[in-house]
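Chain letters run A, B, ... following the sequence lines, proteins first and then strands; every chain starts at 1. Remember, predicted model here, so these are calculated numbers, not experimental data. Side chains are part of it too, since the values below use all heavy atoms of this structure and drop only hydrogens, waters and symmetry mates.
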Amino acid sequence: MKKLGAFSFGDLGWAGLSLLAFVIALSFGATEDLSWEWVRELRLPRAVLAFSIGAALSVSGALLQAFFKNPLCEPYTLGVSSGATLGAVIGATLGWSASTFAGFAPGALFGALAFSAVLLLLSRARKVSQSTLLLCGVMLGFVGSSLVAVWMALADPAGIQSAIGWLLGDLSRAESANAYPALIGVAIAIGAIYFDHRSYDALLLGEEEASSLGVDVRRLRTRVILWSSLLVAFAVSVSGMIGFIGLVIPQLVRRTGSSLHRRVIPVGAIAGGAVLVLSDALARTLVAPHELPVGVVTSLAGAPLFIFLLVARTRVKKG
Amino acid sequence: MRFSRTRTRNRFAQAADVGILFALLSSVSAVAAPPKRVIPLMPSLAEIAVAILGDDAAIAGITEYTDFPASLAKKPSVGPYAKPNVETILALKPDLVLAGEDESPKDVLRRLRALGIRVVSVGTESLSKTRASFATIGRVLERPKEAAATLSKFDSAIAAVAERAASRRKANRRETRVLLQVGDDPLIVAGGTSFLHEGLEILGVKNVYGDVKSSFPRIAVEDALRRNPDAILLVALSDDLRTFERAQAKWNGYSSLRAVKEGKVKILRSDALVRPGPRFPEGLIALENALFPSTEKGTR
């Protein structure tokens, strides 16, 4: 494949996919009979929000996988998402619940930021190594999800239905007033992450090598935790837990071209966005007027596809 | 919340987009003619609307499980009551959406209003709120007289049940203690703030979970055994009878329970009972017949 710097022609495919995803998302829904006014009010913001969240999840996954040098890392590994969930359900019992404009968002954001702060404090400690930090994040996640289970056991069953729906991923609260600011916010965060792309490349060689190349690993660590937590906090608080994208899209992007982060970050953002826009369009239309949780769609459609790609690739190599 | 205000302003700008003529037409039609395309977002609200209107010609869409009167089931569905689909609602071009104050999702209602749809919310979680909802719905449908008639029919049916309860109390001084189960696994019962608790009060029986200040609490089986009710009634909704048969068998395994000894673990198939609408008294009579088979009345 002809190279365009770190980029390849294959990356145009991702860009094309995201365009196609937008066309599909705007054309299909629960009904064919919808005027452009309403498409603009309902479907467009939703597609934009889906794109922002897909991009946020994919980039934060890529970031964490590179930083911890662990391909199984994903945005939810560090427990920030459990913090968001916990915040959301506590918020719901305090009456900030789904009834308000922002739904579970304020509580979720608060919980995610609180957990992020704990992680950030841990990451500042001198003696905490990379792998210890990772484990601490995972433990934090367990604490969060156990506390959520406690709440689920005690709360009124009526509220649980909407909480469960939200946990599995729900973009139905998208509207112009939140989608466009979200897109801008995510773009800024991804831009800030992109700024460090050379450091991530260096990190893939190992921490010491990166240090010898002039990367201040401890400072980088703070930035990684900060940005990935912010992206996850945003994504979970707006739309609940949407699996698969943060784990698989970065790997898919790495497999389809150069692993330099100068490519992985922007292409990962576009690919993650495209896949979530497409998944959400499916979630809205497949069983209309019902809606499937979008997280279910991403995993159900995406996981087999990924396995297929892995196997197909291995075969080609052998042949 | 800040967003929401900005949004309202956006909506005004949008309304200008759509055209003043449209805005005028819709506001005029809302005042001048009774609603012709109504979407009730709960089965009970559909029942109330149809009871007041006399037929379902003006019902443009329904939520799932809206099956009374039976002809309503053929209307287009806008999804489950807990998550109706905004796009589907809009495509049905309603001039009135009836919603449950606590049941219908607030974000959907807020969005419908922002898109210029007339939405009226009524309370349903207590009998007094249900009674009030008759009048509200009658007013917005511009059929206040029919609404008053529906309400008085409702009230007299309830009064008849209460009268029989009073005569039972005279004959038998001991109060019957009842557990009203509405869900199994997890075990969910009617608590002290639900309208079903009020129903039990009208029947002159005691809800063993009346002290729990929640509408439908989840409870532990142990706690139910400790409270040892005289009767356990399982209110089965139309489609999950088997679940309740299993639950009934489970209760019957506790042979020392008073309700089991007296053969009073019963399944009650009554959609009317769980719908806070005009058929609630019917459901109440079904409950009465299950509790007191000897005093069975064919009253409707």
How long is the span from the CG atom in B/L90 to the OG1 atom in A/T31, to the nearest 0.5 Å?
->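 Result: 9.0 Å between the selected atoms.
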Take a 6.0 Å sphere around [atom1] of [X] and say whether it holds more than 12 heavy atoms from other residues, nucleotides or ligands.
X      : atom1 : value
A/Y180 : OH    : yes
B/K213 : NZ    : yes
B/F68  : CZ    : yes

For the pair B/E87 and A/R284, find out whether any cationic side-chain nitrogen is under 4.0 Å from an anionic carboxylate oxygen.
->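 Judged by the 4.0 Å cut-off on N to carboxylate O distance, B/E87 and A/R284 do form a salt bridge.
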Sort and list the pairs that fulfil side-chain hydrogen bond (donor to acceptor under 3.5 Å, both in side chains) and have at least one residue in residues 44-55 of chain A, not counting sequence neighbours.
->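 side-chain hydrogen bond (donor to acceptor under 3.5 Å, both in side chains) check on residues 44-55 of chain A returns A/R46-A/D280, A/R46-A/E291.
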Heavy-atom closest pair, residues A/P289 and B/G79 =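 In this case the closest contact between A/P289 and B/G79 is CG-N, 3.4 Å.
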What closest approach, in Å, do B/R111 and A/S172 show between heavy atoms, and which atom pair accounts for it?
->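 Taking B/R111 first and A/S172 second, the nearest heavy atoms are NH1-O, 3.9 Å.
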Counting only heavy atoms closer than 4.5 Å, note whether B/E103 contacts chain A via side chain, backbone, both or neither.
->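 When you check distances to chain A, no heavy atom of B/E103 falls under 4.5 Å.
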With B/K75, which residues qualify under salt bridge (Lys or Arg N to Asp or Glu O under 4.0 Å), at least two apart?
->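 Salt bridge (Lys or Arg N to Asp or Glu O under 4.0 Å) list for B/K75, sorted by chain: empty.
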